[in-house]
Structures are given as C-alpha cells and as structure tokens.
Amino acid sequence: MTFSPELEAKFAKLLETYPPGRTRSAVIPMLLFAQDEVGHISNELIEEVAKRCKVTPLQVDEVVGYYSMLHRKPMGKYHVQVCTNISCLLTGGEELYHHAEKTLGIGNKEVTADGQFSLEEVECIGACSWAPAVQINYEFHHQVTAERLDQLVGELRKRQ
Amino acid sequence: MLYNEPSPLEVKIVTKRFGLPNSASLDTYLANDGFKAFFKAIEMTPEQIIDEVKVSALRGRGGAGFPAGLKWSFVPRTSPKPKYVIVNADESEPGTCKDRLLMENDPQQLIEGILIAGRAIDAHKGYIYIRGEYRYLIDVMDRAIAEAYSRGYLGKNIQGTGFDFDIYTHTGAGAYECGEETALLDSIEGKRGIPRMKPPFPAVSGAWQSPTLLNNVETLSAVPPIIRDGGAAFAALGTPKNGGTRMVCLSGHINKPGVYELPVGFNLLRMIYEVGGGMRNGKKLKAVVPGGSSCPLLTADECDIAMDFDSLAKAKSMLGSGGTVILDENTCMVKFALRIMKFYAHESCGWCIPCREGTTWLKKMLQRMHDGGGQKSDIPLIGELSKNMLGRTFCALGDAAAMPTISIVEKFPEDFEAHLNGHPCPYEHSHEAVLV
C-alpha cells in the first residue's frame, strides 16, 4: 500500500521508538494513524502493518478486534461520538444521543447513505466536568445541547 | 486552555502555571521555576530522591493510591536490562478528566517529572501512553518533547549534567482495561490489553521484560514541586500519609462543575457547596461517587467526610482517581447502576470468567429491573452475584464493577423496590440506549 509522505514519516519514527527488535509495539499506533488516513482497517492494511512490524497478520487482526477505536468497516467522514457514561448521563447525554440518532437518521455504529456521518454511543471520553460531551473525529465539544449538536452537524454538512 | 473558572479555595501546586500565557511553552516553564527540581535532583543520590518522594506522602493519583516513593524503591538498583519509566496517560475512569488538563496546560512539568523519576531509578527512556481519544494531546506532548530536545532538556548529556534521557509518546486505541498497569504493558508491546499475573511486578519485569516504573500523569507532575520545595512541604498540605493536593473533577448535578486542585483531605460537603457552587436547581443531594465509577457510592448522610485515601477507606469506599460525581434526588439509582454495569460489561477484556460473565449477567438483570420486569428476589441476587466477583479476577476491573453495584443495592433498596411488579421507572429517564 502507498501512504502519504507524512504518514510514512510517522511510520519510520514509530519503528525507531521502541527497543531493538520490538517492532510489534508499533502495531497499534500504526493501525490508528493509518486508519485516520485511509478510513478503515482493510485486510490489505492488516497485511501491510504485519509486514512492516514483522508480525503475523493474525497478530494484527486480534488487536483490531480488541480496541474500540479500530474499525474494520468504513465509518463516516465525520464520526460523531456521543458519551452517555455517568457524568454525561446525569447531564442529558442519553437524550443527546437519541437526538443525534434523529438528526442523522442512523443508529449506533451506522453510517449515513452518503457516507458523510456515522454515529457511536461511546464510553467516557474524559470530559466529565464539561458534560455532556461529544467528539467528532478527534475534536471535543463540551456542554453540548441538542441545538448545538444540530448546529455542528449543519456546519459539517455545508463543508462537504 | 482552561475549561472552567478556578475557585479561590484551590491550592495550586501542580496547576500553578495553568492560565499563564503560553503555559505549555518551555519559556513560560523556565520563567516559572521550571527544571529547578531537575538540577536539584542531579545533585542528589537516587536514594535521596526516593526518600524525598517518600517524605512527601505522595500516593498514586491513578486510582489505587499506592505510595509513590515506595513504588519507586521496588525498582532494582542494578539491572542487566535497560529500565523504563512509563507514564499512564490512559485516563479513562468515568468521572475523571484531569490528566488531560495537566498535559494540555503544562506538558513540561510532566517531562521534568519523568526525568526525575528516570534519575531516581536509573532509567534513560520514558514512554507516555496516551489514550487514543486524546489524540490532540499526542501532538501537544510531541511538540513539548521536541522543544525540550531542541533546547537540551532531553537527549544526550542534558544541560551538561551527563544525564541522558529520551521520551516518546505512544497512543492507545480505545480500551479502558489498558489503564490497568499490566494490561497497559501488553498494549505497549502491541498486544490486546490483558492483565498479567503478578508477581513478577512491573518494577522487576515490566515492559519488554525489563524493570519498569509506571506512574499516573498527576503523580509524576507532582514530583517537580516535591523535589523543588521539599517533600515535607508537600506532605503538610494534606492529611497524615496523604500528602499534597489533588485534582478533583467535579461533575454531575452541581452548579459549577470543573477541575479544581484542592488539598488532600478537603471536606466533601465543602467541595460540593463551596467549590462547586452547590446543587443544581436547588435540588437535594442524594449520593456521591467519590473518585470514579469504580468506587462505592456515598449517601448524602455520609458526605461530611475528609477526602483522603484513609478516611474514604474507613467509610468503605475509595478516593480513587479524583472523579467526584454528584447525584441529586431525581436520580434513578437503578438506572445509574445499570449504566455503570454496561460500561464494565463493554470494557471487560474477557480474560477472567467471573468478570466477563458477571458483568454481562448483572447488566441484563439491572436492565430487566429498570424495565419493570424484576422480582423481589433479584435485589439480593444482584448484590450476591457482585460479591462473587470480588477478588476472583486477575485485575481490579471485576472488583470495580462489583463495588459500586453492591453499594447501590445496599444503600438504595427503595429505588429497586419502586421498579418491581411491572412499575415503570418512577424517575424521569424513560429512554434506553443500546450499547453494543
């Protein structure tokens, strides 16, 4: 597979990061950084990461199955993650999640027909004191109301 | 960046540079006592550094509260293998959002803390394991690390002292379990995050089978002030055996949620009513999660308590990770217990059967109870099933799921009884989200 020069530079740095012979340590960061660029983790990507980290494809695949941020299927261009864990639950996170389902017209871990949005009900993302919290891709949004969520989605729709 | 107004009741030790212009820059750090502790540590022997941390009564800020100096002393003095310092920045205990601020606002303080720990255990490499959701902090820390290298505060012969040290960031990819230190080690080795059998403890055989010191971000961030101003000064801020300050993350039904640095041992009621501005909408206090979702809950009557490790242990709860969640009288405790259990069922790594099966069964029972399909005999059964998980797993995740559940069933039986005989939830929440 071919990647952007920026990602190749990241990969090269990763392979230098761990002690000699410990390239397996680079598997998880490499998968996540690659997913950010290519969208999801395909069989081809698993083979590629396995080759670069000198491990078997199975050793890569079992990791993909374990970590919740690694996706075997394409997610939307904008992955909307609504936290409903305790601090968010107490401040309306669950209602916000249901509102997001309506606004986007999709359910948990589903993708809109145009591939622009996906939705996920997530566990604590570390924004408890500024709940309810939403992460769109990697960007945090704090104290999100239903109106604010609609506004954020509206802005992203325009950006497509 | 700061997300809430500071409180006048705060005692700012690890957050003292928060809010300064460019607080994350090396220049701001150097102009405000930065790296003074490092130069002091270079003049000290490793034993003297460890003793100073012991005197400070600093206890692990990740949740377990283990005395930091003692942990440092477990790393063997000599080792044929290289030693490592690993920072646990996998902050994912529900209710906790403080390490994020320490890295965002003062990354150089963390770097200095890692250097001093490295000097104390004779390590020359450090890794910062940052949870995947905190991607922007990988960039923040990488920038801070690059700045420190460019000015000779990292790398070979740091500031002419002859001490070499390298720091790298490492990203997780979404797994609560990886906050458990041995699961974190498997994760940094590129595997599924599953807890290891102890012993050997990480201090003896950790990352890549080498002696490894693992500390939370806040623990290591407290080290520069301890070495700079002395362990005794830090210890004096807290209560006996509970030194210093701690970052308290107030959330839930409170007027001024936020992260506040308060002396260890600060009274919980004062936290709620003076620091946190009291209950939202003038509602009555019902319960408090003292330090993250793993902790047994306190009832309103139990909240006149000093927030230190030993007082909370005496009250059969835990100080945990500093995530203090406030619940008002309108909170359905069945729903709350259900949400906690959904979390643990989702995050159980599946290695130990009591945890894997126990969390899933408890989730189903609590769901049925909340939906009105519970029987009276389910109430003690939920407690019993939880107790069967205690102490029967490799790591603390099973206990973490059981402990709050036991406390909720025992302290709020009337909420469970109100859901019996097909009664719908008497509280407002009516929706049920699906978490796969």
Side-chain angles (χ1 to χ4, degrees), chain A residues 13-14 16-19 21-29 31-33 35-36 53 55 59-60 62-70 81-82 84-91 94-95 97-98 101 107-109 121-131 133 135 137-140 142-143, chain B residues 3-4 82 91-97 99-100 125 127 131-136 168-176 178 187-193 208 210 249-253 257-259 289 293 323 325-328 331 335-336 339-340 343 346-347 349 429 431-436:
Chain A
K13 192 182 163 202
L14 275 174
E16 298 285 301
T17 291
Y18 307 98
R22 302 294 185 174
T23 45
R24 187 174 180 180
S25 287
V27 167
I28 296 159
L31 284 167
L32 191 62
F33 295 152
Q35 176 178 272
D36 290 344
C53 296
V55 294
Q59 286 172 321
V60 178
E62 66 164 21
V63 160
V64 177
Y66 180 85
Y67 293 92
S68 63
M69 291 174 71
L70 301 175
Q81 301 146 87
V82 183
T84 61
N85 209 309
I86 51 175
S87 302
C88 290
L89 176 80
L90 297 176
T91 48
E94 210 163 78
E95 290 78 0
Y97 170 75
H98 289 297
E101 281 185 321
N108 195 31
K109 294 186 183 170
E121 182 190 9
V122 291
E123 296 298 355
C124 185
I125 51 175
C128 319
S129 292
W130 316 287
Q135 239 187 328
N137 296 344
Y138 287 110
E139 205 172 326
F140 277 94
H142 294 148
Q143 287 159 333
Chain B
Y3 302 106
N4 57 270
E91 176 169 76
S92 30
E93 175 78 6
T96 316
C97 50
D99 295 338
R100 205 182 134 184
K125 274 193 194 329
Y127 293 87
R131 67 179 298 193
E133 292 84 348
Y134 287 180
R135 164 57 56 81
Y136 76 106
Y168 307 93
T169 54
H170 177 95
T171 182
Y176 168 76
C178 293
S187 181
I188 208 169
E189 292 181 6
K191 303 169 196 161
R192 302 161 75 93
W208 309 291
S210 280
C249 320
L250 285 178
S251 70
H253 297 136
V259 180
V289 179
S293 63
V325 188
I326 315 297
L327 284 62
D328 76 15
T331 311
K335 173 85 180 183
F336 198 74
R339 188 62 189 86
I340 289 179
F343 169 69
H346 185 257
E347 299 299 334
C349 76
H429 303 289
H431 297 298
E432 194 46 51
V434 184
L435 193 71
V436 181

Once you measure the plane-to-plane angle for A/Y18 and B/Y127, does it fall in the parallel (<30°), tilted (30-60°) or perpendicular (>60°) bin?
parallel
Which region of A/A127, side chain (C-beta onward) or backbone (N, CA, C, O), has a non-hydrogen atom less than 4.5 Å from a non-hydrogen atom of chain B, or is it both or neither?
both
If you count heavy-atom pairs under 4.5 Å with chain B, which of A/V27, A/V55, A/L32 comes out on top?
A/L32
Any residue meeting side chain to side chain donor-acceptor pair (under 3.5 Å) with A/T17, in chain and number order, not counting sequence neighbours:
none
Please flag which part of B/R100 lies under 4.5 Å from any non-hydrogen atom of chain A: side chain, backbone, both or neither.
side chain
Are any non-hydrogen side-chain atoms of A/L90 and B/L327 less than 4.5 angstrom apart?
yes
Among A/C88, A/S87, A/G107, residue most engaged with chain B (heavy-atom pairs, under 4.5 Å):
A/S87
If we only count heavy atoms from C-beta on, is the B/Y176 to A/C124 side-chain gap below 4.5 Å?
no
Could you look at B/V259 and say if it's the side chain, the backbone, both or neither that has a heavy atom under 4.5 Å from chain A?
both
Heavy-atom proximity to chain A below 4.5 Å, by part of B/T96
backbone
Find the one option among B/G193, B/P257, B/G132, B/A173 whose heavy-atom pairs under 4.5 Å with chain A are most numerous.
B/A173
When you measure from the side chain of B/H170 to the backbone of A/P29, do you find a donor-acceptor pair of N or O atoms at a distance under 3.5 Å?
no
Largest heavy-atom contact set with chain A, pairs under 4.5 Å, which of B/K125, B/H253, B/E93:
B/H253
Contact origin within B/S187 toward chain A - heavy atom pairs under 4.5 Å:
both
Return yes if some donor-acceptor pair links the side-chain N/O of A/S129 with the main-chain N/O of B/L250 below 3.5 Å, else return no.
yes
Is B/Y3 close to chain A through its backbone or its side chain, or both, or neither, when contacts mean heavy atoms under 4.5 Å?
both
Under a 4.5 Å heavy-atom cutoff, which of A/Q81, A/E139, A/R22 has the most pairs with chain B?
A/R22
Measure the spacing between CZ of B/R192 and CD1 of A/I28 and express it to the nearest 0.5 Å.
10.5 Å
Mark yes or no for whether A/Q135, through its side chain, and B/E133, through its backbone, hold a donor-acceptor pair below 3.5 Å.
yes
Interface check, chain A: of B/S210, B/P94, B/A175, B/C349, most non-hydrogen pairs under 4.5 Å belong to B/P94
All heavy atoms of A/E123 vs all of B/F343, minimum pair found to be OE1-CD1, 3.2 Å
If I compare all heavy atoms of B/G258 with all of A/W130, which pair ends up nearest, and what's the gap?
CA-NE1, 4.4 Å
Which of the residues B/I340, B/D99, B/N4, B/I326 is involved in the greatest number of heavy-atom pairs with chain A at under 4.5 angstrom?
B/N4
Among the listed options A/A131, A/C128, A/S68, A/G65, the residue most often paired with chain B at heavy-atom distances under 4.5 Å
A/C128
So, using salt bridge (Lys or Arg N to Asp or Glu O under 4.0 Å) as the criterion, who are the partners of A/R24 when residues are at least two apart?
A/E62
Minimal non-hydrogen separation, B/Y134 against A/I125, with atom names
CE2-O, 3.3 Å
Return the option, out of A/D36, A/L31, A/T23, with the maximum number of heavy-atom pairs under 4.5 Å with chain B.
A/D36
Between A/L89 and B/R339, which heavy-atom pair has the shortest distance, and what is it?
CD2-CB, 4.0 Å
Under the 6.0 Å and 45° cation-pi test, does B/R135 pair with A/Y138?
yes
